[in-house]
Amino acid sequence: MRSYKIALIKGDGIGPEIIDEAVKVLDAVSYAEGFEIKYDEFLLGGAAIDAVGEPAPKETLEGVKQADAILFGAIGGDKWDNLPRDKRPETGLLKLRKELEVFANLRPVTVYDELVNASTLKPSVIQGVDLVVVRELIGGIYFGQPRENNGERAYNTMVYTKSEIVRIAKVAFETAMKRSKRVCSVDKANVLDVSQLWRDTVEEVAKEYPEVTLTHMYVDNAAMQLIRDPKQFDVILTGNIFGDILSDEASMLSGSIGLLPSASIGEKYGLYEPIHGSAPDIAGQGIANPIATIASAAMMLRYALNEESAANRIESAIKQTLQDGYRTQDLSAFDAKEVCSTSEIGSIIANYASK
Ligand code: NAD
């Protein structure tokens, strides 16, 4: 029997609740498809600070490397907000991403037909939206040196090397080859030198993918176009900070941040996580939407374990659940036939996925 090892990082806030539902669904599909998943749990973020005094313990950074893939909930919360920056939960996540060299963050945005009314935009603008943001994750201004804040003057540095741009561009072109073969590279080449190198390098990589149509867009225009006409996009390729902002903007096309998954992929490791945070305001109430995490588990099956059929089962089960009118509280105003708890929605999806 095919057998896989998955590292689970539940994290803080709603993290444990949503990961438990993803495990429920994974167990159902692995049984149905005839493979086995074994889980190992690791601490990161606030939970790790409370247990061992640091946000990214060595045991986690090394231990997760033994797994075939990592499924991650969310970290952070008010309790740890006053710690120095290098001791905060978010630093733990940045360290983990860097340690695993997961340089490519893939965020698909799908608008479910059943939820076209859940978006703040008109249904005619968002119906049929199906795009992926491919964001560079471990370079750019979040990591560039030098950086300083001396109380009077502060700066960060946006750095990209050609090789960093080549590898993320290849992920975007490969992704486009499996979709409708269009890449829109987003930069600020009219102002930033680093963006000019980005643009020139993406042009070079594009020559290896003659079937893919490449366009370029300035980030300010891209922010506007995502709201004006999101259907024009297939794959959006961009750097770390622009991708951070645009992918959150794109997420709202779908109506709830609780719906969208992501995959962070490198040469060796893959980290699969919902795009939202630890939602401390609703933690422990059993009302969090676990769909983003369950959909992240589907991406994990597809990209890390090559279990395409199991991934499809999960994605169809999510659609069926929404079609049948089951909603968590965040979506209760949109054609809900029944408002369900986190655990109830997880069980419904697991049940559909196992058929
Ligand atoms: P958030 O994404 O946690 O929450 C924003 C809003 O969306 C909240 O009202 C929340 O209740 C709601 N929400 C989020 N996920 C939901 C879900 N699955 N179902 C229903 N509603 C959901 O962002 P925030 O409030 O800015 O941050 C809270 C904490 O999370 C902070 O400590 C922040 O640093 C951390 N954070 C962590 C990650 C991560 O772990 N990857 C990402 C972003 C923020």
Side-chain angles (χ1 to χ4, degrees), residues 8-22 25 42-50 55-56 60 70-83 85-98 100 102 105-107 115 118-120 135 137-138 142 240-241 243-245 247-252 254-264 271-297 318 321-322 326-334 336 339-346 349:
L8 293 180
I9 301 176
K10 294 185 174 181
D12 310 317
I14 61 171
E17 301 166 52
I18 54 180
I19 288 285
D20 286 350
E21 297 317 306
V25 176
F42 294 91
L43 294 173
L44 193 82
I49 295 170
D50 289 351
T60 298
I70 304 150
L71 187 63
F72 170 65
I75 46 98
D78 301 348
K79 185 177 167 190
W80 305 282
D81 274 356
N82 293 326
L83 294 171
R85 187 164 302 283
D86 64 326
K87 294 279 176 224
R88 284 172 55 165
E90 293 77 4
T91 306
L93 182 56
L94 290 182
K95 261 193 186 159
L96 179 69
R97 288 173 176 164
K98 193 84 180 166
L100 300 176
V102 285
N105 182 235
L106 273 62
R107 288 192 181 190
L115 296 177
S119 173
T120 49
R135 164 189 168 195
L137 198 60
I138 57 171
Y142 292 168
N240 205 344
I241 189 168
D244 194 1
I245 298 163
S247 55
D248 265 27
E249 184 189 352
S251 76
M252 276 323 290
S254 80
S256 171
I257 197 165
L259 291 170
L260 295 178
S262 81
S264 303
L271 182 66
Y272 297 83
E273 55 177 305
I275 69 154
H276 58 74
S278 59
D281 53 333
I282 57 165
Q285 298 175 34
I287 57 171
N289 188 341
I291 290 181
T293 313
I294 295 170
S296 303
I318 293 172
T321 302
L322 295 172
Y326 298 110
R327 306 274 187 271
T328 38
Q329 201 163 296
D330 50 320
L331 297 170
S332 59
F334 307 103
V339 178
C340 305
S341 68
T342 308
S343 151
E344 283 164 348
I345 275 277
I349 295 172

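Atoms within a ligand are numbered from 1 in the order they appear, just like the ligands themselves.
- Residue G77 places at least one N or O, backbone or side chain, under 3.5 Å from an N or O of ligand 1.
- Not a single protein heavy atom sits closer than 4.0 Å to atom 27 (O) of ligand 1.
- Using a 4.0 Å cutoff on heavy atoms, S278 counts as a contact of ligand 1.
- With a 4.0 Å heavy-atom cut-off, ligand 1 is reached by no atom of I287.
- Counting atoms of ligand 1 from 1 in the listed order, those under 4.0 Å from a heavy atom of E273 are 41 (N).
- In terms of polar-atom proximity, defined here as any N/O pair under 3.5 Å, I257 makes no such contact with ligand 1.
- Here the side chain of N289 pairs no donor or acceptor atom with the backbone of T328 at under 3.5 angstrom.
- Looking at every heavy atom in both residues, T342 comes nearest to P290 through O-CG, 3.7 Å.
- Distance remark: protein heavy atom present below 4.0 angstrom from atom 3 (O) of ligand 1.
- At least one donor-acceptor pair under 3.5 Å links the side chain of D12 to the backbone N or O of A47.
- At a heavy-atom distance under 4.0 Å, no atom of Q329 approaches ligand 1.
- Taking OG from S251 and NE2 from H276, the interatomic distance works out to 10.5 Å, rounded to the nearest 0.5 Å.
- Remark: I291 CD1 to L259 CG distance equals 5.5 Å, nearest 0.5 Å.
- Each of the following atoms of ligand 1 lies closer than 4.0 Å to a heavy atom of G277: 1 (P), 2 (O), 3 (O), 30 (O), 36 (N), 37 (C), 38 (C), 42 (C), 43 (C), 44 (C).
- Remark: ligand 1 and A288 share no N or O pair separated by less than 3.5 Å (distance only, no angle test).
- Residue contacts with ligand 1: D330 is placed with no nitrogen or oxygen under 3.5 Å of a nitrogen or oxygen of the ligand (distance criterion only).
- Going from atom CZ of R135 over to atom CG of N105 covers 5.5 Å, rounded to the nearest 0.5 Å.
- Residue R97 places no N or O, backbone or side chain, under 3.5 Å from any N or O of ligand 1.
- Using modelled atom types, one finds no donor on one side chain facing an acceptor on the other under 3.5 Å when comparing R107 with S262.
- The backbone N or O of G76 lies less than 3.5 Å from a partner atom in the side chain of S278, making a donor-acceptor pair.
- Per-atom contact check: atom 6 (C) of ligand 1 does not touch the protein, criterion being a heavy-atom distance below 4.0 Å.
- Residue D81 has no nitrogen or oxygen atom sitting less than 3.5 Å from a nitrogen or oxygen atom of ligand 1, judged on distance alone.
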